[in-house]
There are 2 protein chains.
Amino acid sequence: MKKKAKAEIDLSTEEKIKEAARKVFTRKGYAATRTRDIAEEAGLNLALLNYYFRSKSKLFEMIMAEKMQQFFGFMLPVINNADTSVQEKVELITSKYMELLMENPDLPYFVLSEIRNTPDYFMKITDSGNFLSKSIFIRQIREKAPGRNPFHYLINLLGMCVFPFIMNPVLQKMGALDEKTFAKMMKERKTLIPAWIKSMLEED
Amino acid sequence: MKKKAKAEIDLSTEEKIKEAARKVFTRKGYAATRTRDIAEEAGLNLALLNYYFRSKSKLFEMIMAEKMQQFFGFMLPVINNADTSVQEKVELITSKYMELLMENPDLPYFVLSEIRNTPDYFMKITDSGNFLSKSIFIRQIREKAPGRNPFHYLINLLGMCVFPFIMNPVLQKMGALDEKTFAKMMKERKTLIPAWIKSMLEED
DNA sequence: GTCTATAGAGGGATAGAC
DNA sequence: GTCTATCCCTCTATAGAC
């Protein structure tokens, strides 16, 4: 207890760097980030970045893998659970995703903007060829709506969760939404999205 | 006629640079793009970029404004047309957006990844405070579904159009979708999305 | 208008003192 | 382990010949 409390206040140097790197990389992207920015954000010296992590790119890879894990990691076990219905899966994915994104609002920006430059990192997480097509979730959707490509619904589900966080900065800047209203809407979406998906699937 | 045909084959130097800049900036983002890349892509010399456009950033601003125009421009007149119903607007937006995106599949990546660094460019396009909240489209949605924040539906509409193009590279790399299937699905979406939105609005 | 050559700044990485 | 000082490469921008 005492140890943990202390660790939170007085992080190890290595952890300070990682924390600063998370922040700066996420805000500015890989190319626009200078190692000096990270050092400054961490309140430390530039040389320490190379002492703890060999290079800017190594440090980035570490952060990236972590974010990918956050972004895609939890979904895989859910998707292949044979004991839950489609609707239960949808509810689970929605609520977990919305919570994750509310805590990390710029996760989508980061992952999506860097993904095209990093064709390999996230393959390690997802491994194996077209496991997704063979997943239980996709199979269950296919049964529910046999006439349609099931990925329509997967894309809609993820899009309705993730896209608001992408649009949010734009909408706020346009004065269309304030922070509080946005937060309230995201809460509502936890129940709205499963209902929308349900009616989409039943329409067929 | 003769002149135009020639112009299309043998572009002016200025146009060659812009064309190359579009390609490279879109693929790599601003920070990761080197002016040398653009010069090479254009088959020209580096010095010419600075001759025609004063600097890398000026050139970028030009391309960015152009892309913003593409991305947001056409929507504004549609949104404020008093002579069309919600459903007609949804159909119009969907079909135009899907066509635009099919021709420029990496438009979303570009706009969305650069938007956080360029808080001002697109404000010129959208100008004026919360014009969006006062738009006819939003008012019409509010009437149809009085209990809910109308931006839920706007976000869903745009998300269902745009998000597939964001996910596409990921899904292709995971072997879940091939190019042909994706193109087919995007065509289907032109009619599917309006139907989905309609049933969402009626559910309330 | 288009090129070559180069100035000049910025930023990643490291040597070496403490 | 942590710091300062600095190397050196890369990239933008410009000078100047043609």
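Labels below follow one simple rule: chain letters A, B, ... track the order of the sequence lines, proteins then strands, and each chain is numbered from 1.
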Worksheet item: How many Å lie between CD on B:Glu40 and C1' on C:dT2, as a whole number?
Response: 18 Å
Discussion item. Just the rounded figure in Å: distance from C1' of D:dT10 to NZ of B:Lys28.
Written reply: 13 Å
Discussion item. Among residues at least two apart in sequence or on other chains, which ones pass side-chain hydrogen bond (donor to acceptor under 3.5 Å, both in side chains) with A:Thr35?
Written reply: none
Fill in: For atom CG of A:Leu49 and atom P of C:dG11, their distance in whole Å
14 Å
Discussion item. For A:Tyr30, does the six-membered ring have the charged nitrogen or CZ of A:Lys56 within the cation-pi criterion, i.e. under 6.0 angstrom from the centroid and within 45° of the normal?
Written reply: yes
Worksheet item: Could you state the CZ-P distance from A:Arg34 to C:dG11, rounded to the nearest angstrom?
Response: 4 Å
Response to the item:
Expected list for residues 15-25 of chain B near DNA chain C, using heavy atoms below 4.0 Å, is none
Practice prompt. Check every atom of C:dG1, C:dG11, D:dT2 against the side chain of B:Tyr52 and return the nucleotide holding the closest atom.
Written response: C:dG1
Item to complete: Name all residues meeting the ring-ring contact (aromatic ring centres under 6.0 Å, His included) criterion together with B:Phe165; count only those two or more places apart in sequence or in a different chain, and write none if there are none.
Response: B:Phe182
Please table the atom pairs, donor to acceptor, closer than 3.5 Å between any side-chain atom in residues 101-113 of chain A and protein atoms at least two apart or in another chain.
{"unit_1": "A:Asn104", "atom_1": "ND2", "unit_2": "A:Leu100", "atom_2": "O", "d": "3.0"}
{"unit_1": "A:Tyr109", "atom_1": "OH", "unit_2": "A:Ile166", "atom_2": "O", "d": "3.2"}
{"unit_1": "A:Ser113", "atom_1": "OG", "unit_2": "A:Tyr109", "atom_2": "O", "d": "2.7"}
{"unit_1": "A:Ser113", "atom_1": "OG", "unit_2": "A:Phe110", "atom_2": "O", "d": "3.3"}
{"unit_1": "A:Ser113", "atom_1": "OG", "unit_2": "B:Arg116", "atom_2": "NH2", "d": "3.3"}

Worksheet item: Cation over ring, B:Lys144 on B:Tyr153, under 6.0 Å and within 45°?
Response: no
Worksheet entry | Min side-chain heavy-atom separation A:Met174-A:Val170 under 4.5 Å | yes
Acceptor/donor pairs from residues 185-194 of chain B side chains to any protein atom, 3.5 angstrom cut, sequence neighbours excluded:
{"unit_1": "B:Glu188", "atom_1": "OE1", "unit_2": "A:His152", "atom_2": "NE2", "d": "2.7"}
{"unit_1": "B:Arg189", "atom_1": "NE", "unit_2": "A:His152", "atom_2": "ND1", "d": "3.2"}
{"unit_1": "B:Arg189", "atom_1": "NH1", "unit_2": "A:Asn156", "atom_2": "OD1", "d": "3.2"}
{"unit_1": "B:Arg189", "atom_1": "NH1", "unit_2": "B:Met160", "atom_2": "O", "d": "2.6"}
{"unit_1": "B:Arg189", "atom_1": "NH2", "unit_2": "A:His152", "atom_2": "O", "d": "3.1"}
{"unit_1": "B:Arg189", "atom_1": "NH2", "unit_2": "A:Asn156", "atom_2": "OD1", "d": "2.5"}
{"unit_1": "B:Lys190", "atom_1": "NZ", "unit_2": "B:Glu99", "atom_2": "OE2", "d": "3.0"}
{"unit_1": "B:Thr191", "atom_1": "OG1", "unit_2": "B:Glu188", "atom_2": "O", "d": "3.1"}

Discussion item. At under 4.0 Å between heavy atoms, how does the protein contact nucleotides 13-18 of chain D? Give one character per nucleotide, 5' to 3', with B, S or -.
Written reply: BB----
Item to complete: For a side chain to side chain contact (heavy atoms under 4.5 Å, CB included) with A:Ile38, tell me which candidate from A:Leu48, A:Leu44, A:Leu49, A:Leu46 qualifies.
Response: A:Leu49
Worksheet item: To the nearest angstrom, how far is A:Ile38 atom CD1 from C:dG11 atom C1'?
Response: 12 Å
Item to complete: Would you mind reading off the distance between B:Tyr30 atom OH and D:dC11 atom P, rounded to a whole angstrom?
Response: 14 Å
